[in-house]
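Report on the following structure.
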Amino acid sequence: MIVGLGNPGRRYQNTRHNIGFMVMDRIFQSVPAQQRGTWRFEHEAETSDVHWQSGKVKLVKPQTFMNLSGISVAALLRYYKLGSEECMVICDDVNLPLGSLRLRPEGSGGGHNGLASVIQHLGTENFARLRLGVGPAPEELALEDFVLQQVSPEGIRSWQDQVEDAVKACSMWLSEGIDKAMNVFNKRHTE
């Protein structure tokens, strides 16, 4: 299962906090139409089943708002009898520079309320996470205002390479495991 964190509704569509949703949409678009289902609503999330990397993958966009993301993630993992180690969570990170990404096999929420909610509701930190850099936040702007601020269409287009790398990182995680994906993508974004 691959989960992109974000906030539902048109108001939040083009915000930094919704880059996880953008990655979900890009994965969905990259899968041939005959190998994907439609988006549907279940367990307080939009989900779609896709056949990708020689297997069935559930794409998830929680609709509970960021700070409650763990509710739908935990419900879906339980319902489909998946372990937390079979889940990748994608989110924004203001502590990483725009364009960068960082994969980890587990860890704390690192100040991200969406990740903290997933950890709380799963009762474990043992799930892969892919953080996409959207920072740094300007000092004069509150952090919440920065991540929920509308980004211009030009700004969104500037994220295309980062979103494409996130799709490739997820693909490698599925096909070759987290260690290989970390070695390739974490290194690429620190050089």
Side-chain angles (χ1 to χ4, degrees), residues 1-8 10-33 35-36 39 46 48 50-55 57-62 66 69 87-105 107 109-112 114-115 118 127-138 141 143-191:
M1 188 166 90
I2 303 175
V3 179
L5 298 186
N7 285 313
R10 193 175 286 277
R11 175 180 175 204
Y12 301 103
Q13 191 170 359
N14 292 322
T15 64
R16 291 169 183 85
H17 237 10
N18 275 31
I19 198 164
F21 281 7
M22 291 175 204
V23 175
M24 292 299 88
D25 291 338
R26 185 63 195 110
I27 291 173
F28 181 81
Q29 293 163 0
S30 73
V31 175
Q35 294 180 321
R36 66 182 189 219
W39 288 102
E46 284 187 7
S48 181
V50 298
H51 292 279
W52 193 43
Q53 295 303 321
S54 304
V57 178
K58 182 164 290 295
L59 303 180
V60 177
K61 296 190 287 187
M66 182 67 76
S69 298
C87 181
M88 165 81 74
V89 177
I90 303 168
C91 66
D92 62 295
D93 190 329
V94 296
N95 297 313
L96 293 175
L98 181 63
S100 66
L101 58 83
R102 183 169 299 145
L103 274 159
R104 292 284 183 259
H112 193 284
L115 281 178
V118 174
F127 59 90
R129 70 274 326 270
L130 174 56
R131 295 173 178 259
L132 303 179
V134 296
L141 197 59
L143 191 58
E144 181 178 317
D145 293 338
F146 178 69
V147 296
L148 296 177
Q149 183 181 61
Q150 289 291 314
V151 178
S152 70
E154 297 78 27
I156 296 294
R157 280 193 290 279
S158 74
W159 297 350
Q160 285 179 329
D161 288 344
Q162 182 182 25
V163 169
E164 290 299 326
D165 274 354
V167 171
K168 291 174 190 170
C170 289
S171 174
M172 186 172 284
W173 170 68
L174 288 169
S175 62
E176 300 183 54
I178 189 73
D179 290 335
K180 174 71 172 178
M182 285 170 53
N183 285 338
V184 170
F185 289 94
N186 289 355
K187 185 181 291 185
R188 180 182 298 176
H189 287 272
T190 57
E191 292 175 342

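All values below come from the heavy atoms of this structure, side chains included, with hydrogens, waters and symmetry mates left out.
Not one N or O on the side chain of Gln149 forms a donor-acceptor pair closer than 3.5 Å with the backbone of Thr15. When atom types are taken as modelled, the side chain of Asn14 and the backbone of Val151 share no donor-acceptor pair closer than 3.5 angstrom. At least one donor-acceptor pair closer than 3.5 Å links the side chain of Gln162 to the backbone N or O of Gly133. Arg36 contributes a side-chain N or O that, together with a main-chain N or O of Val31, makes up a donor-acceptor pair within less than 3.5 Å. Checked by atom type and distance alone, the side chain of Arg129 pairs as donor or acceptor with a backbone atom of Phe127 at under 3.5 Å. Looking at Ser175, its side chain does come within 3.5 Å of a backbone N or O of Ser171 through a donor-acceptor pair. Proximity of a side-chain donor or acceptor of Asn18 to a complementary backbone N or O of Gly6 within less than 3.5 Å is not detected.
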### Task
Show the numbers, then the answer: is there a side-chain contact (heavy atoms from CB on, under 4.5 Å) between Leu130 and Arg104?
CA-CA 7 Å; Leu130 174 56; Arg104 292 284 183 259; over 6 Å; no
### Task
Take Met66 and His112 through the side-chain contact (heavy atoms from CB on, under 4.5 Å) test and state the conclusion after the steps.
CA-CA 9 Å; Met66 182 67 76; His112 193 284; 3.4 Å; yes
### Query
Could you walk me through whether Ile2 and Met24 pass the side-chain contact (heavy atoms from CB on, under 4.5 Å) check?
CA-CA 8 Å; Ile2 303 175; Met24 292 299 88; 3.3 Å; yes
### Task
Decide yes or no on side-chain contact (heavy atoms from CB on, under 4.5 Å) for Arg131 and Asp92, but give the supporting numbers first.
CA-CA 6 Å; Arg131 295 173 178 259; Asp92 62 295; over 6 Å; no
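Looking only at side-chain heavy atoms (C-beta outward), Ile156 and Ser158 stay at 4.5 Å or farther from each other. Side-chain contact between Met22 and Gln13 is absent, with no heavy atoms from C-beta onward closer than 4.5 Å. Residues Phe21 and Tyr12 form no side-chain contact, since every pair of their non-hydrogen atoms from C-beta on lies 4.5 Å or further apart. Pro136 places none of its side-chain heavy atoms less than 4.5 Å from the side chain of Val94. Leu148 has its side chain out of reach of Arg11: every pair of non-hydrogen atoms, C-beta onward, lies at least 4.5 Å apart. Using a 4.5 Å heavy-atom threshold, the side chains of Trp52 and Val167 count as touching. Using a 4.5 Å cut-off on side-chain heavy atoms (C-beta onward), Leu132 and Trp159 make no contact. Residues Val3 and Ile90 have side chains not in contact (no heavy-atom distance under 4.5 Å, counting atoms from C-beta outward).
Minimum interatomic distance between Ala181 and Ala169 (heavy atoms only, all atoms of both residues): CB-O, 3.9 Å. The minimum heavy-atom distance between Ala128 and Trp173, with the atom names listed, is CB-NE1, 3.9 Å. Heavy-atom minimum distance, Gly4 versus Pro62: O-CD, 3.3 Å. Across all their heavy atoms, Cys91 and Leu5 have their closest contact at CB-CD1, 4.0 Å. Counting all heavy atoms, side chain and backbone alike, Ala166 lies closest to Leu101 at N-CD2, 3.9 Å. The minimum heavy-atom distance linking Val89 with Cys87 is given by the pair CG2-SG, 3.9 Å.
Under 3.5 Å, the side chains of Asn7 and His17 contain no donor-acceptor pair of N or O atoms.
Note on residues 12-26: pairs passing salt bridge (Lys or Arg N to Asp or Glu O under 4.0 Å), not counting sequence neighbours, are Asp25-Lys61, Arg26-Glu164.
Taking OG from Ser100 and CZ from Phe185, the interatomic distance works out to 13.5 Å, rounded to the nearest 0.5 Å. To the nearest 0.5 angstrom, Ser48 atom OG is 4.5 Å from Phe28 atom CZ.
Screening Leu103, Leu174, Val57, Val60 for a side chain to side chain contact (heavy atoms under 4.5 Å, CB included) with Met88, the sole residue that qualifies is Leu103.
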